[in-house]
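These notes are about the structure you will find just below.
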Amino acid sequence: MTLHSTEKDESVAGTIFPEATVKLDAIDRIHAPSREEFTRDYVYQRKPAVITGLMDSWPAMERWSLDYFREHFGDLDIHANLQRLDNELILGNVGGFRGMKLAALLDEIEKNTDPNRAFYLRAYPVHRMVEHFPGLADDYDLPDLAPNWADIRFKANWRTGTVNPAKLLGMYLAKTFLNRGGGKGAPRETVSSRVAAVMFVGSKGTVTPFHSDGMQTAAYLSQVVGRKRCYFVSPDQHEKLYPRRFRRQFGMAQVDYRRPDLTRHPRFKDVVVEETVLNPGETLYVPSGYWHAIESMDTSISYSHQIVGEDNALGWLTCIPERYLAQMYFKSQGGLRNVTGAKDWDDWA
């Protein structure tokens with residue numbers, strides 16, 4: 001494993017609150033780590049990293065473009081996020097969502113010249129895309145550095161040394177449920193659904209404000225087209241971000257990190273932020289519980305999927321009862337489309 005220092009990219013300025021403490025060299029950049037090294041140094045330490053070398057053989061690096069997505073997915077019905085960047089930016093309230101064909105969104109991305117507007121397909125389920133065009137499965141591999149019980153291509157390993165009966169039972173239940181059918185082979189769309197794989201396609205300037213991923217999962221974000229600026233806030237600082245309800249189910253900060261109202265959110269001034277730039281061909285590892293915000297520096301296409309393993313399985317399991325409460329809450333607020341490009345919770349059935 002080769003470790004590289006982070007370099008600041010000044011070509012597109014970041015937009016974090018200028019008085020925040022920002023660490024520019026806090027995210028490790030590592031090349032081709034072994035699974036053992038990565039699990040020991042990043043998964044179990046819950047430490048974010050930018051990984052190079054994972055995507056070198058992906059045909060997507062040559063194939064994916066707006067034209068490619070227009071050709072193969074242009075007739076998909078989506079919920080496009082139409083962002084107003086001059087308004088308050090809080091996840092769940094970043095512009096509106098509009099039903100349209102993907103081709104229409106790609107047209108908007110190409111012709112947009114307004115710096116205060118951005119157009120985004122956010123977190124569209126990849127299994128729906130593979131069902132629509134099976135050839136997509138040949139374009140990429142699923143990153144598998146971190147042990148992932150939801151990745152049913154493999155039989156789940158269990159290395160825990162705990163002797164606590166409650167923890168042992170919880171780990172057993174989580175592993176059994178997540179890895180059902182594991183190691184027996186499955187179609188790509190099935191695997192993609194089980195790991196909650198999603199696609200992001202957007203114009204320059206798109207923003208995903210501070211959040212932590214739902215159900216205490218970790219995640220990969222593999223960057224294919226364009227660059228993204230990524231901000232991180234460690235889990236122990238969550239109170240400084242003023243999370244909305246159901247923080248563990250889907251953590252959403254109530255503070256606008258670009259233009260915070262410090263009268264309403266005074267603790268935000270003390271937040272410590274880690275920053276990096278994700279380039280094409282690089283994969284970001286986001287540990288369980290880590291808060292992050294993402295800005296597209298260019299027109300961008302990214303792939304992501306979630307990770308549940310030994311380090312976060314108990315957190316995932318205890319989130320299940322909250323999921324049903326959150327489901328009712330978000331449906332009362334208009335559905336999951338307030339957060340993603342999926343139509344509703346049924347897209348994840």
Side-chain angles (χ1 to χ4, degrees), residues 54-55 57-82 97-110 118-144 148 150-153 185-203 206 208 213-214 217 219-226 228 278 280-281 283-284 286 294 296 298-307 335-349:
L54 290 186
M55 302 169 62
S57 63
W58 285 23
M61 297 303 300
E62 299 292 333
R63 295 176 183 171
W64 287 7
S65 65
L66 298 189
D67 286 340
Y68 179 92
F69 276 69
R70 183 181 287 107
E71 176 183 356
H72 295 294
F73 306 106
D75 59 342
L76 278 180
D77 292 310
I78 64 162
H79 281 89
N81 183 199
L82 313 181
F97 280 79
R98 182 189 304 165
M100 61 174 66
K101 298 292 186 181
L102 179 57
L105 173 65
L106 299 178
D107 291 343
E108 294 290 348
I109 290 172
E110 287 187 323
F119 299 85
Y120 209 9
L121 176 65
R122 182 194 288 155
Y124 190 87
V126 169
H127 67 274
R128 300 296 189 207
M129 302 183 83
V130 174
E131 290 169 355
H132 188 81
F133 173 57
L136 182 72
D138 299 326
D139 289 350
Y140 67 98
D141 295 318
L142 279 71
D144 62 357
N148 190 1
D151 188 344
I152 57 173
R153 295 175 300 167
R188 175 60 69 86
E189 57 266 33
T190 302
V191 177
S192 296
S193 177
R194 292 282 286 273
V195 298
V198 292
M199 197 77 72
F200 298 85
V201 182
S203 62
T206 54
T208 301
D213 290 336
T217 57
Y220 297 112
L221 178 66
S222 296
Q223 191 65 18
V224 179
V225 175
K228 287 186 169 177
L278 188 67
T283 294
L284 180 69
V286 182
I294 311 289
S296 292
D298 312 291
T299 297
S300 174
I301 301 175
S302 315
Y303 164 91
S304 179
H305 76 243
Q306 296 180 341
I307 307 162
L336 192 60
R337 66 176 66 93
N338 284 327
V339 179
T340 78
K343 290 188 294 184
D344 52 44
W345 287 82
D346 294 337
D347 272 350
W348 301 105

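Worth knowing before you read on, the calculation uses all heavy atoms, side chains too, and leaves out hydrogens, waters and symmetry mates. In what follows, residues are counted from 1 in the order of the sequence shown. Nothing here was measured: the structure is a model prediction, and the numbers come from that model.
Other residues, nucleotides and ligands contribute at most 12 non-hydrogen atoms within 6.0 Å of the CZ atom of Arg98.
Leu66 CG to Ile109 CD1: the interatomic distance, rounded to the nearest 0.5 Å, is 6.0 Å. Within the model, atoms CE of Met129 and CZ of Phe73 stand 4.5 Å from one another, a figure rounded to the nearest 0.5 Å. A distance of 5.5 Å separates CG in Leu142 from OG in Ser192, rounded to the nearest 0.5 Å. Taking CG of Asn81 as the reference point, atom CZ of Arg122 lies at 4.5 Å (rounded to 0.5 Å). Note: Leu278 CG to Ile294 CD1 = 7.5 Å, rounded to the nearest 0.5 Å.
Contact record, Leu136 with Trp64: CD1-CZ2, 3.6 Å, taken as the closest heavy-atom pair. Nearest heavy-atom pair across Leu221 and Ser302 is CD1-CB, 3.7 Å. The two atoms that bring Ser57 and Asp141 nearest to each other are OG-OD2, 4.0 Å, heavy atoms only. Leu105 approaches Ala80 most closely through the heavy-atom pair CD1-CB, 3.8 Å. For the residue pair Met61 and Val224, the shortest heavy atom distance occurs at CE-O, 3.7 Å. Shown here for Ser222 and Thr283, the closest heavy-atom pair between the two residues is OG-OG1, 3.0 Å.
Using cut-offs of 30° and 60° on the angle between ring planes, the pair Phe133 and His72 is parallel. Ring geometry, Tyr303 versus Trp58: the interplanar angle exceeds 60°, so the pair is classed perpendicular (tilted spans 30 to 60°).
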Criterion side chain to side chain contact (heavy atoms under 4.5 Å, CB included) on Tyr120 and Glu108, from CA distance to verdict: CA-CA 10 Å; Tyr120 209 9; Glu108 294 290 348; over 6 Å; no
Full working for side chain to side chain contact (heavy atoms under 4.5 Å, CB included) between Phe119 and Val201: CA-CA 9 Å; Phe119 299 85; Val201 182; over 6 Å; no
Side chain to side chain contact (heavy atoms under 4.5 Å, CB included) between Leu82 and Phe97, worked out: CA-CA 6 Å; Leu82 313 181; Phe97 280 79; over 6 Å; no
Side chain to side chain contact (heavy atoms under 4.5 Å, CB included) assessment of Ile307 paired with Thr217: CA-CA 6 Å; Ile307 307 162; Thr217 57; 6.0 Å; no
Salt bridge (charged side-chain N to carboxylate O under 4.0 Å, His left out) between Asp139 and Arg63, worked out: CA-CA 8 Å; Asp139 289 350; Arg63 295 176 183 171; 2.4 Å; yes
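Not a single donor-acceptor pair under 3.5 Å links the side chain of Ser193 to the backbone N or O of Thr190. Within the 3.5 Å criterion, the main-chain N or O of Gln306 finds no donor-acceptor partner in the side chain of Asp213. Judged by distance alone, the side chain of Thr206 and the main-chain N or O of Gly202 form no donor-acceptor pair under 3.5 Å.
Proximity of the aromatic rings of Tyr220 and His305 is defined here by a centroid distance below 6.0 angstrom, and this criterion is met.
For the pair Lys228 and Phe200, the distance from NZ or CZ to the six-membered ring centre is under 6.0 Å and the angle to the ring normal is within 45 degrees.
Counting heavy atoms from C-beta outward, Glu189 and Val126 have side chains that stay 4.5 Å or more apart. The shortest distance between side-chain heavy atoms of Leu106 and Phe69 falls below 4.5 Å. Considering only heavy atoms from C-beta on, Lys101 stays 4.5 Å or farther from Leu76 through its side chain.
No side-chain donor-acceptor contact under 3.5 Å links Thr299 and Ser203. With no hydrogens or angles considered, a side-chain donor-acceptor pair links Ser300 and Gln223 at under 3.5 Å.
A salt bridge links Arg70 with Asp107; the closest basic N to acidic carboxylate O contact falls under 4.0 Å. The pair Arg194-Asp151 does not count as a salt bridge, with every side-chain nitrogen at least 4.0 angstrom from each carboxylate oxygen.
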